[in-house]
J.: 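Below is one structure. I have some questions about it.
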Amino acid sequence: MRKKFVAGNWKMNTTPEQGVELVKNILRSIGHSCASANYIVCPPFTHLSEIVKVARGTAIRIGAQNCAEESKGAYTGEVSAEMIAATGASYVILGHSERRQYYGETSDGLNKKMRQTYSNGLVPIYCVGETLEERESGKLWDVVKAQVEEVVFHLSEVEFRHLIVAYEPVWAIGTGKVATAAQAQEMHAFIRKVLTAKFGDLAAKTPILYGGSVKPENAAEIFAMEDVDGGLVGGASLNAADFLAIGDGFRED
Ligand code: PGA
């Protein structure tokens, strides 16, 4: 049995005050949720300390959305993995398509971020996914394989045991166009096959989350797929009821 996760990627949304309120709202209702999923929320850097305090001792874990490539020094505007870990956060989203697209993140830089993440005891949620053009031209398999191999294959076995992968087709992010459950399963099984080629049976334990327009209405169907171990949720994670309803997609009934 693999661990199941529902992770909320808040992106650049909420003020610290609104973020605290959102987490409190999630916590108020989480007791009523029958989900067997682990919940993670990833607010902006500015809220991390405060939200870690609010979530301490609860079922919710906290993550950041990015970290610096370097450990410290003259890198104006950057936030190191050590700083993130010091807030009490335990996860970091790395390689999100918005960062690859708008901030030019490449495998080289992501390898450095992975180093920082593991050296500071954080768990990376490593995102991969193809664009619409890459899917339509049949390049999707090569693209995703390269994103996995160029970064994940540099991990040690010990590190690999603490990795979460998120498959997020770029064409499904924030567009309302969700991949079908079959499309998600097909790519998740492929990613697991690529991971197995390098890490053997350990890959059977790696949680692979689906991301891209996950909503309460489609979560259960996607999460029912064999190789889908949860979701990385953007828009719908900004609403406490929707976020928890997505987790209920794992309800065993
Ligand atoms: P979305 O975003 O759920 O709003 O499509 C997902 C993500 O980018 O992680």
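Every number for a ligand or one of its atoms is a count from 1 in the order of the listing. Atom set for the values below is all heavy atoms of this structure, side chains included, hydrogens, waters and symmetry mates excluded.
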J.: With heavy atoms of Lys11 as the reference, note each atom of ligand 1 found under 4.0 Å away.
T.: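 Here the atoms of ligand 1 in question are 2 (O), 7 (C), 8 (O).
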J.: Tell me which part of Ile173 gets within contact of ligand 1: side chain, backbone, both or neither, using heavy atoms under 4.0 Å.
T.: both
J.: When you compare ligand 1 with His96, is there at least one nitrogen or oxygen pair between them that comes in under 3.5 angstrom?
T.: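 The answer is yes, given that His96 and ligand 1 share an N or O pair closer than 3.5 Å.
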J.: Determine whether the side chains of His96 and Glu168 contain a donor N or O and an acceptor N or O closer than 3.5 Å.
T.: yes
J.: Is the closest side-chain heavy-atom distance between Thr58 and Ile30 below 4.5 Å?
T.: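 Side chain of Thr58 against side chain of Ile30, heavy atoms only: no contact under 4.5 Å found.
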J.: If you round to the nearest 0.5 Å, how far is CZ of Phe153 from CZ of Phe160?
T.: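 Here the interatomic distance stands at 8.5 Å.
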J.: When only distance counts, is Glu98 in polar contact with ligand 1, meaning an N/O pair under 3.5 Å?
T.: no
J.: State whether the shortest distance between N or O atoms of Gly174 and N or O atoms of ligand 1 falls below 3.5 angstrom.
T.: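 Looking only at distances, the answer is yes, because the N/O contact criterion of under 3.5 Å is met.
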J.: Please list all pairs passing the side-chain hydrogen bond (donor to acceptor under 3.5 Å, both in side chains) test where one or both residues lie in residues 107-125, with sequence neighbours left out.
T.: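 Pairs touching residues 107-125 that pass the test: Asn66-Lys113, Glu105-Lys113, Ser107-Glu150, Asn111-His154, Arg115-Glu159.
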J.: Would you find a donor on one side and an acceptor on the other, under 3.5 Å apart, between the side chain of Asn13 and the backbone of Trp10?
T.: yes
J.: Tell me whether the count of non-hydrogen atoms from other residues, nucleotides or ligands lying under 6.0 Å of NZ in Lys11 goes above 12.
T.: yes
J.: Atom CD of residue position Glu82 - does it have more than 12 heavy atoms of other residues, nucleotides or ligands inside 6.0 Å?
T.: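 Not more than 12 within 6.0 Å, no.
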J.: Just to confirm my output: which protein heavy-atom neighbour is closest to atom 4 (O) of ligand 1, and how far is it?
T.: Gly235 N, 2.8 Å
J.: Which donor-acceptor pairs under 3.5 Å do the side chains of residues 123-137 make with protein atoms, sequence neighbours left out?
T.:
{"from": "Tyr126", "atom 1": "OH", "to": "Arg100", "atom 2": "NH2", "distance (Å)": "2.9"}
{"from": "Tyr126", "atom 1": "OH", "to": "Gln147", "atom 2": "O", "distance (Å)": "2.6"}
{"from": "Glu130", "atom 1": "OE1", "to": "Tyr167", "atom 2": "OH", "distance (Å)": "2.8"}
{"from": "Glu130", "atom 1": "OE2", "to": "Arg135", "atom 2": "NE", "distance (Å)": "2.7"}
{"from": "Glu130", "atom 1": "OE2", "to": "Arg135", "atom 2": "NH2", "distance (Å)": "3.2"}
{"from": "Glu130", "atom 1": "OE2", "to": "Tyr167", "atom 2": "OH", "distance (Å)": "2.9"}
{"from": "Glu130", "atom 1": "OE2", "to": "Trp171", "atom 2": "NE1", "distance (Å)": "3.0"}
{"from": "Thr131", "atom 1": "OG1", "to": "Glu134", "atom 2": "N", "distance (Å)": "3.1"}
{"from": "Thr131", "atom 1": "OG1", "to": "Glu134", "atom 2": "OE1", "distance (Å)": "3.3"}
{"from": "Glu134", "atom 1": "OE1", "to": "Thr131", "atom 2": "N", "distance (Å)": "2.8"}
{"from": "Arg135", "atom 1": "NH2", "to": "Tyr167", "atom 2": "OH", "distance (Å)": "3.2"}
{"from": "Ser137", "atom 1": "OG", "to": "Glu133", "atom 2": "O", "distance (Å)": "2.9"}
{"from": "Ser137", "atom 1": "OG", "to": "Glu134", "atom 2": "O", "distance (Å)": "3.4"}

J.: Taking only heavy atoms of Gly212, which atoms of ligand 1 are found under 4.0 Å from at least one of them?
T.: 5 (O)
J.: What is the nearest protein non-hydrogen atom to atom 3 (O) of ligand 1, stated with its residue, atom name and distance?
T.: Gly234 N, 2.8 Å
J.: Could you find the nearest protein heavy atom to atom 9 (O) of ligand 1 and give me its residue, atom name and distance?
T.: Glu168 OE2, 2.7 Å
J.: In ligand 1, which numbered atoms sit nearer than 4.0 Å to a non-hydrogen atom of Ala172?
T.: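 Ligand 1 atoms under the 4.0 Å threshold to Ala172: 5 (O).
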J.: Consider ligand 1: state whether an atom of it lies below 4.0 angstrom from any non-hydrogen atom of Ser213.
T.: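 Judged by the 4.0 Å heavy-atom criterion, Ser213 does count as contacting ligand 1.
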